[in-house]
Amino acid sequence: MTPLPDRDPREMRAADLDRERTAEILRTAAGDGRLGMEEFHERLDQVYTAKTYAELDLLTHDLPTPSHSPSPSPSSLPSTTSGEESGVAIAVMGGFKRTGIWRAPRRLTTVAFWGGGKIDLRDAVLNGGEITIRAFAVMGGVEIVVPEDADVNVTGIGIMGGFDHAASGAGAPGAPRIRVTGFSFWGGIDVRRKRRKRD
């Protein structure tokens with residue numbers, strides 16, 4: 001019997017997690033100004049209809065961030081003294097989510113326009129033990145979950161909308177420092193304290 005030729009890994013079927021990673025690369029590129037909003041939406045539509053790794057690679061081949069990098073495990077995460085200084089999360093008639101174990105940049109800008117997003121910092125690895133989130137919601141919303149023991153300062157404003165300051169307050173010694181600012185217009189920014197998932 002003649003052996004079958006080795007299969008090209010790029011022709012393997014992609015999983016939902018692979019599509020989400022590709023979508024995140026596109027969102028970052030749009031936030032950095034590398035993609036216009038029309039092209040961003042065209043590529044994003046193709047992400048969720050792509051069937052193989054090769055199809056996903058075509059959507060990010062001209063962008064600087066490598067696609068399909070494996071998810072980091074807690075032991076492989078770099079130390080909190082290094083990492084990205086800034087990042088972007090955008091939801092335009094859609095959504096974004098940063099939850100679980102992930103490396104948060106020192107400064108994160110979130111934009112929700114006719115959409116929504118969730119930032120969960122309870123298991124995040126913070127660059128330098130602190131983060132400043134600039135949250136903007138226009139006819140949309142952003143939920144920000146912070147550790148129960150964090151030092152939190154919320155200074156955003158709501159215009160015909162809400163910007164929840166209830167989570168503001170001092171934290172335990174050595175706890176992460178979290179600053180949230182920005183504004184909402186016909187929308188809402190909800191900042192709430194919750195116990196860490198691993199507690």
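Because only heavy atoms are used, hydrogens play no part in the values below, and waters and symmetry mates are left out as well, while side chains stay in. What you see is a predicted model; the values in this text were computed from it and never measured.
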Next on the checklist: Would Asn153 and Thr155 count as a side chain to side chain contact (heavy atoms under 4.5 Å, CB included) here? Give the steps.
Outcome noted: CA-CA 7 Å; Asn153 182 18; Thr155 59; 3.6 Å; yes
Checklist entry - Going through the checks in order, is the side chain to side chain contact (heavy atoms under 4.5 Å, CB included) test met by Asp164 and Val154? => result CA-CA 8 Å; Asp164 189 359; Val154 182; over 6 Å; no
Checklist entry - Would Val88 and Thr110 count as a side chain to side chain contact (heavy atoms under 4.5 Å, CB included) if you check the C-alpha gap in whole Å, the side-chain angles of each, and the deciding distance to 0.1 Å? => result CA-CA 6 Å; Val88 178; Thr110 70; over 6 Å; no
Next on the checklist: Applying side chain to side chain contact (heavy atoms under 4.5 Å, CB included) to Ile189 and Ile144, what does each step give before you reach the verdict?
Outcome noted: CA-CA 8 Å; Ile189 308 294; Ile144 301 171; 4.2 Å; yes
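Atom CG of Leu44 sits about 6.5 Å away from atom CG of Leu26, to the nearest 0.5 Å. Separation of atoms CG (Asp123) and OG1 (Thr99) is listed at 9.0 Å; rounding is to 0.5 Å. Ile178 contributes atom CD1, which lies 11.5 Å from atom CG of Leu108 (distance to the nearest 0.5 angstrom). Between the CZ atom in Arg107 and the CD atom in Glu85 there is a gap of 5.5 Å [rounded to 0.5 Å].
When all heavy atoms of Ile119 and Phe96 are compared, the pair lying nearest together is CD1-CE1, 3.7 Å. The nearest pair of heavy atoms linking Gly116 to Ala91 is O-CB, 3.6 Å. Of all heavy-atom pairs spanning Asp120 and Trp102, the tightest one is O-NE1, 3.0 Å. Summarising the geometry of Ala104 relative to Ile131, their closest heavy-atom pair is CB-CD1, 3.9 Å, with the distance given to 0.1 Å. Phe163 and Ile157 make their closest contact through CD1-O, 3.4 Å (heavy atoms, listed as atom of the first residue, atom of the second, distance). The heavy-atom pair separating Ala14 from Arg19 by the smallest distance is O-NH2, 3.3 Å.
In this structure, the side chain of His41 does not engage the main chain of Glu38 through any donor-acceptor pair within 3.5 Å. Under the 3.5 Å distance criterion, the side-chain polar atoms of Ser184 are matched with a main-chain donor or acceptor of Gly162.
No salt bridge links Lys51 with Glu55; every basic N to acidic carboxylate O contact stays at or beyond 4.0 Å. Look at Glu148 and Arg193 and you find no salt bridge, because none of the NZ, NE, NH1 or NH2 atoms lies under 4.0 Å from a carboxylate O. Salt bridge annotation for Arg43-Asp45: absent, with no cationic side-chain nitrogen under 4.0 angstrom from a carboxylate oxygen. In summary, Arg179 and Asp151 engage in a salt bridge, as defined by a charged side-chain N under 4.0 Å from a carboxylate O.
Under the 6.0 Å cut-off for aromatic ring centres, Phe136 and Phe183 qualify, their centroids lying closer than that.
Between Leu121 and Leu126 there is a side-chain heavy-atom pair separated by less than 4.5 Å. In this structure, the side chains of Phe185 and Met160 come closer than 4.5 Å at one or more pairs of heavy atoms. Side-chain contact between Arg192 and Glu143: present, with at least one pair of heavy atoms (C-beta onward) separated by less than 4.5 Å.
If you chain together hydrophobic residues whose side chains sit under 4.5 Å apart, Val145 and Val152 never meet in one group.
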